[in-house]
Amino acid sequence: MKRYEIKYLLKEDVSALIGTQICVKGWVRTKRGNKNVAFLAVNDGSIIHNIQVVADPQKFEEELKRITTGACIGVEGTLVESQGSGQAVEVQAEKIVVYGEADPNTYPLQKKGHSMEFLREIGHLRLRTNTFGAVMRLRHNMAMAIHTFFHERGFFYFHTPLITASDCEGAGEMFHVSTLDPENPPRKEDGTIDWEQDFFGKFTALTVSGQLEGELGATSLGKIYTFGPTFRAENSNTPRHLAEFWMIEPEMAFYQMDELTALEEEFIKYCVRWALDHCMDDLEFLNKMIDNGLIERLKSVVDTEFVRLPYTEGIKILEEAVAKGHKFEFPVSWGVDLASEHERFLVEEHFKKPVIMIDYPKEIKAFYMKLNDHVEEEGKRQGFSGLTVQGTDVLFPQIGEIIGGSVREENYDKLMGRITELNIPMKDMWWYLDTRRYGSCPHAGFGLGFERLLLFVTGMANIRDVIPFPRTPKTAEF
RNA sequence: UCCUCCUUAGCUCAGUUGGUUAGAGCACCUGACUGUUAAUCAGGGGGUCGAAGGUUCAAGUCCUUCAGGGGGAGCCA
């Protein structure tokens, strides 16, 4: 007998199936009823909604005894129009197979709500909840949106390595990759570990960013994007950081600043619109159970033009706010790296919409960002060079920085100047510098934390709840 | 890593200035109910109060240390 997915039965026109024999399989969310009739809410993961199975308690006495919340069952029966008001169709059971019981005395999930903290302790089972089902379906959809967005625009999906030998990516502490005996590694005469005897013949680590290799792709294929896992061994304990997370890093030859920020804005709007177009059932659930402002916020982002805000102007706005009596924990002046409270003020209180901040002081940004020619007088007054770089941060309400990007410095001498100035270890980076030595071209790119995007799109409060198996300091259970 | 809060039944939480036998809802078991919608109603079982010390006639409650977790901050995506 043909098995139908619940999504099909609830979303497609099944009028032709009414009165026919069908099969559904899935996990029982709740069982209720009386001695005359029993109702089973069955979910198979294809959609957030359950299908209602109606069973005669006399006929299925043995089966119903074994069926509790969490049990996995298969049902054959007649698809009928529901007599109840909560659903259009239901299955009148004629045969029930219990594939797997879920002992209610030990099965941790119940039909009532659980705290996110408790669910994190049962990461292997939390995926069976409505909330995590919704989040994971959205996660899949955002991945599809991202690939579709770039593919439609002629970008190539470019695979950068997860194991890297460069230690200058500059984005944080790295996880070492080694096959040496950690108890007794080979040592050189001076006592240091002899990495030449390691698997790759040199010191290697998990990547913190695919950008540098991505630039190699862009300077040959034109437009590429990466989409893969990234690893940071930072001891960050916040609702916005993971030790293992997924990042999207497009890199485009010949793109200038205005094209870069336009792509950033178009990209985010495309993803959010995709969620609204394809995932409304899940969004409605999350809007009801997790975050009452979710759908409204998503719609407003799609309809709003993001603000372009030069750093120097942003500082002026913040200084004016201080002058008017607004209290910040950290001081504001030209040259400081903005703290979360400053970014939140600009996004949530001043502009009340997403902000793309541009033209940062070179002193607070990475070595590869392109220098602007003009000098900010205010910067010189504060004792800085006054030089800015073509970096961008996209700042979002509630979650802060969602994208960091820049136009890259394509001039070999200027780039080397910055590398020397910042004392960056480039001994293994000759291949990166060759992009500027041979056929160097203007190019730009950005990086987006996939889970940060998901925080925004799902309304979830903690990044550990938008990835199936979060990796954070002291946590790698599942 | 820093600041701060929390840890009581399987889950979510009450528990007063330290004072009899630590409570409720859900879940579970038994029963009732002719179609339920996180069903409802009645009854029942279920606790080393995170761990280890300490103060006190007396500690879930006060103190110290440790562990786990949340929120904020830093680093960033």
Side-chain angles (χ1 to χ4, degrees), chain A residues 29-41 49-57 65 68-70 80-87 90 92 102-122 129-130 169-173 208-211 226 229-249 288-289 328-330 337-344 364-366 393-396 399-405 446-456 461-467 472-475 477:
Chain A
R29 288 283 206 260
T30 77
K31 176 179 77 173
R32 45 176 186 264
N34 54 45
K35 68 181 176 189
N36 296 300
V37 60
F39 302 98
L40 306 173
H49 303 297
N50 309 318
I51 193 145
Q52 174 155 287
V53 171
V54 186
D56 178 347
K65 223 174 266 179
T68 52
T69 296
V80 296
E81 287 180 20
S82 180
Q83 296 173 33
S85 59
Q87 54 282 317
E90 62 194 17
Q92 188 71 47
D103 180 358
N105 291 309
T106 55
Y107 185 61
L109 287 174
Q110 298 169 11
K111 57 189 168 188
K112 292 262 178 184
H114 297 283
S115 68
M116 290 298 149
E117 293 78 23
F118 173 68
L119 291 172
R120 262 169 235 150
E121 293 171 10
I122 49 166
T129 63
N130 286 332
E169 287 170 352
E173 291 296 310
V208 295
S209 164
Q211 181 196 316
T226 73
T230 306
F231 309 88
R232 307 243 171 122
E234 299 285 349
N235 190 13
S236 295
N237 296 288
T238 85
R240 297 178 305 283
H241 291 84
L242 291 166
E244 176 182 293
F245 64 100
W246 287 63
M247 194 150 66
I248 298 102
E249 295 180 290
K288 184 173 145 206
M289 304 299 286
F328 290 113
E329 188 185 343
F330 296 98
D337 208 350
L338 295 185
S340 310
E341 56 173 344
H342 304 135
E343 297 178 347
R344 272 206 307 275
I364 59 173
K365 285 292 178 185
D393 281 351
V394 180
L395 308 177
F396 255 48
I399 55 172
E401 182 183 341
I402 191 168
I403 281 182
F446 66 82
L448 169 116
F450 186 47
E451 285 77 15
R452 295 248 174 112
L453 175 68
L454 284 166
L455 279 179
F456 182 74
N462 193 310
I463 202 164
R464 293 159 199 201
D465 302 327
V466 295
I467 186 168
T472 54
K474 297 218 161 45
T475 308
E477 181 71 22

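These numbers were taken from a predicted model, which means no experiment stands behind them.
- Between I399(A) atom CD1 and rG72(B) atom C1' there is a gap of 18 Å when expressed in whole angstrom units.
- With rounding to the nearest 0.5 Å, the separation of CZ in R29(A) from NE2 in H49(A) is 12.0 Å.
- Here the separation of rG74(B) from rU4(B), taken at their C1' atoms, is 15 Å to the nearest Å.
- What separates CG of L395(A) from C1' of rC76(B) is a distance of 13 Å, to the nearest Å.
- Spacing of C1' atoms, rA51(B) relative to rC6(B), comes out at 16 Å, to the nearest Å.
- The side-chain heavy atoms of L453(A) and V466(A), taken from C-beta on, include no pair separated by under 4.5 Å.
- Here the separation of rG25(B) from rA67(B), taken at their P atoms, is 38 Å to the nearest Å.
- Going from the C1' atom of rC5(B) to that of rA9(B) covers 24 Å, rounded to whole Å.
- Between T106(A) and the phosphate of rG10(B), there is no side-chain N or O to OP1/OP2 separation shorter than 4.0 Å.
- Going from atom CD of E121(A) over to atom P of rG50(B) covers 15 Å, rounded to whole Å.
- As a whole-Å value, the separation of E343(A) CD from rA73(B) P is 11 Å.
- Whole-Å rounding puts the F118(A) CZ to rG10(B) C1' distance at 7 Å.
- Contacts of A339(A) with the nucleic acid, taken as non-hydrogen atoms under 4.0 Å apart, involve only primed sugar atoms and P, OP1 or OP2.
- Distance CE (M289(A)) to P (rA38(B)): 10 Å, rounded to an integer number of Å.
- The backbone N or O of L242(A) lies less than 3.5 Å from no partner atom in the side chain of E451(A), so there is not a single donor-acceptor pair.
- In this entry the distance linking CD of Q211(A) with P of rC76(B) reads 14 Å, nearest Å.
- In terms of phosphate contacts, R29(A) brings no side-chain nitrogen or oxygen within less than 4.0 Å of OP1 or OP2 of rA39(B).
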For a quick check, with a 4.0 angstrom heavy-atom cut-off, what is the B/S/- contact string for nucleotides 27-36 of chain B, read 5' to 3'? SS----BSBB
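- Side-chain atoms of D103(A) come within 3.5 Å of backbone N or O of N105(A) as a donor-acceptor pair.
- Taking the ring centroids of H342(A) and F330(A), they lie at or beyond the 6.0 Å cut-off.
- Rounded to whole Å, atom C1' of rG74(B) lies 12 Å from atom CD of E341(A).
- When the side-chain nitrogen and oxygen atoms of R240(A) are compared with OP1 and OP2 of rC75(B), none of them lie within a distance under 4.0 Å.
- Checking rG74(B), rC76(B), rC11(B) against every side-chain atom of H114(A), the shortest atom distance belongs to rC11(B).
- Neither OP1 nor OP2 of rG71(B) sits under 4.0 Å from any side-chain N or O of N237(A).
- Side-chain atoms of T68(A) come within 3.5 Å of backbone N or O of A102(A) as a donor-acceptor pair.
- H114(A) is listed as a side-chain neighbour of L109(A), based on a closest heavy-atom distance under 4.5 Å.
- I403(A) comes within 4.0 angstrom of sugar-phosphate atoms only, judged by non-hydrogen atoms across all strands, and of no base.
- Using a 4.0 Å heavy-atom distance criterion, I402(A) is classed as a sugar-phosphate-only contact.
- rU48(B) and rG71(B) have their C1' atoms separated by 30 Å, given to the nearest Å.
- Spacing of C1' atoms, rG69(B) relative to rU30(B), comes out at 38 Å, to the nearest Å.
- Both F245(A) and E117(A) lie near RNA chain B, and the one whose nearest nucleotide falls closer to the 5' end is E117(A).
- For the OP1/OP2 pair of rG70(B) and a distance below 4.0 Å, the side-chain nitrogens and oxygens of R464(A) include at least one atom meeting the criterion.
- Taking P239(A) as the reference, N462(A) meet the side chain to side chain contact (heavy atoms under 4.5 Å, CB included) condition, with sequence neighbours excluded.
- Judged by atom type and distance alone, S236(A) does not reach the base of rC76(B) through any side-chain donor-acceptor pair under 3.5 Å.
- Comparing H241(A) and P473(A) by the nucleotide of RNA chain B whose heavy atom lies nearest to each, the residue mapping closer to the 5' end is P473(A).
- For the pair T230(A) (side chain) and W246(A) (backbone), a donor-acceptor distance under 3.5 Å is absent.
- A donor-acceptor pair is defined here as one N or O able to donate and one able to accept, closer than 3.5 Å; such a pair exists between the side chain of R232(A) and the backbone of V208(A).
- Rounded to the nearest Å, the gap between the C1' atom of rG70(B) and that of rU12(B) is 16 Å.
- When the C1' atom is used for both rC26(B) and rG45(B), the distance is 16 Å, rounded to whole Å.
- For the pair K365(A) and D393(A), the minimum side-chain heavy-atom distance is below 4.5 Å.
- When distances are taken from the side chain of S340(A) to each of rC76(B), rG74(B), rG70(B), the shortest belongs to rG74(B).
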Both atom distances under 3.5 Å, Watson-Crick or G-U wobble: I'd like the secondary structure of RNA chain B as a dot-bracket string, with | for pairs made across strands. (((((((..((((.....[...)))).(((((.......))))).....(((((..]....))))))))))))....
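- Here the side chain of E234(A) pairs a donor or acceptor atom with the backbone of E173(A) at under 3.5 angstrom.
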